[in-house]
Number of protein chains: 2
Amino acid sequence: MPKTVVKEEVGDKAADASFISDYLPYLLAHASHLISGQFHDQLRARGISVSTWRLLATLSSGDGMTIGALARIGLYNQPTTTKIIDRLEETGLVERRQDEKDRRKALVFITAQGRAMVDDLLGEAKAHEAKVTASYTPEEMATLKRVLRTLISRLEDDA
Amino acid sequence: MPKTVVKEEVGDKAADASFISDYLPYLLAHASHLISGQFHDQLRARGISVSTWRLLATLSSGDGMTIGALARIGLYNQPTTTKIIDRLEETGLVERRQDEKDRRKALVFITAQGRAMVDDLLGEAKAHEAKVTASYTPEEMATLKRVLRTLISRLEDDA
DNA sequence: TGAAATTATATCAATTGGAATATATTTATG
DNA sequence: CATAAATATATTCCAATTGATATAATTTCA
């Protein structure tokens, strides 16, 4: 009769000899949840919503995007993006302009007020990123980011 | 007067010489979004909600968890987890049992029906993971997962 | 020109999050 | 040792966001 060692302490942080601890989608979701969650706490302390941050950060890259492009890059659905932009426009952080060439398109631009807010937040975001990656060498971090970028582009090719 | 080259094509998939394309939280969120989104499509084709999948998958690791542990591991808030478990219990996929030693705790167990469903889904999830990681060598994938695990544990230590 | 595709929005239901509450347990204090 | 304060756990309640489907407007193309 073999003596068996039962793995206890389920129900708390340990207990991870499990499916999810080796499941790539979970690892990505978990890392994403933790790293963004920390920054979202900083946002909340300032009374800025996550969706405001995410769409302003997206827009900071290229002003004058369509709703659809904002949705794709910002990882939101198109109808959700419309509503977020509605709110941002009401608060004066962005404005819509009709595309003259293709009148189906609404191009979104950051206002001066929105630019000031996002510049400030980009600084905070970079500082936060530097803090949480401080224990890695620049080479390690560059490698990780490169691997993630190739994973992303392969996943996009599938779809 | 220096000639300037303007980078155009903003508003579509290109246009990525930007903040977010080098921002680790975005890369993680993007990869997570894409990889999980693909599997969520499969779930929807079966009429299974994402929250059902996520909590059943969490439970598959260690039956008899508390709501709090389920919330932490499943990346949900505690009140949200209560509500999801309510729904799962109504559908007969899980059941609550009061912890005798500490009567504050509600322990959650998978039913036979829930076990059948999650076993099936775990198979699908593994197949999907295999498919999207097929172009990597096992070593590359092991490395990526190891890096993610260390990142996660460092982030957890901060908090 | 007419059909298909693209883009944005409106509408409605359902989920989620946050604050407050209730109950049980543990710790501290006189 | 008894009892009050602090902590842990789960739930309720309300507001707000999100998602899915359907619709409207414009453009493209066959």
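Each chain gets a letter, A, B and so on, in the order its sequence line appears, and its residues count up from 1.
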So ring-ring contact (aromatic ring centres under 6.0 Å, His included) across residues 68-121 of chain B, not counting sequence neighbours, yields none
Quiz item: Does B:Lys101 come within less than 4.0 Å of B:Asp99, counting only side-chain N to carboxylate O?
Solution: no
Mind calculating the distance between [atom1] ([X]) and [atom2] ([N]) to the nearest angstrom?
X	N	atom1	atom2	value
A:Leu107	C:dA8	CG	C1'	12 Å
A:Leu70	C:dA8	CG	C1'	13 Å
B:His40	D:dG19	NE2	P	12 Å
B:Gln78	C:dG18	CD	P	13 Å
B:Arg44	C:dA14	CZ	P	16 Å
A:Glu89	C:dA8	CD	P	13 Å
A:Ile85	C:dT7	CD1	P	16 Å

Sorted by chain and number, sequence neighbours left out, ring pair (Phe, Tyr, Trp, His ring centres under 6.0 Å) with A:His128 holds for A:Phe39
Hydrophobic cluster membership, A:Val108 vs A:Ile110, 4.5 Å side-chain cutoff:
yes
Applying salt bridge (Lys or Arg N to Asp or Glu O under 4.0 Å) to A:Asp22 and not counting sequence neighbours gives B:Lys145, B:Arg149
In short, salt bridge (Lys or Arg N to Asp or Glu O under 4.0 Å) pairs touching residues 131-144 of chain B with sequence neighbours left out are none
Name each donor-acceptor pair under 3.5 Å that joins a side chain in residues 115-122 of chain A to protein atoms two or more places apart or in another chain, with its distance.
unit_1: A:Arg115; atom_1: NH1; unit_2: A:Asp119; atom_2: OD1; d: 3.2
unit_1: A:Asp120; atom_1: OD2; unit_2: A:Arg46; atom_2: NH1; d: 2.4

Pairs under 3.5 Å (N/O, protein and nucleotides 16-18 of chain D):
unit_1: D:dT18; atom_1: OP2; unit_2: A:Arg87; atom_2: NH2; d: 3.0

Sequence neighbours excluded, the answer for side-chain contact (heavy atoms from CB on, under 4.5 Å) partners of A:Ser135 is B:Arg154
Residues at least two apart in sequence or cross-chain that pass side-chain contact (heavy atoms from CB on, under 4.5 Å) with B:Gln113, listed by chain then number, are B:Leu93, B:Thr111
Which of C:dT9, D:dA10, D:dA20 is nearest the side chain of A:Thr82? It is C:dT9
Sorted by number, residues from residues 91-106 of chain A placing a heavy atom under 4.0 Å from DNA chain D are A:Lys101, A:Asp102, A:Arg103, A:Arg104
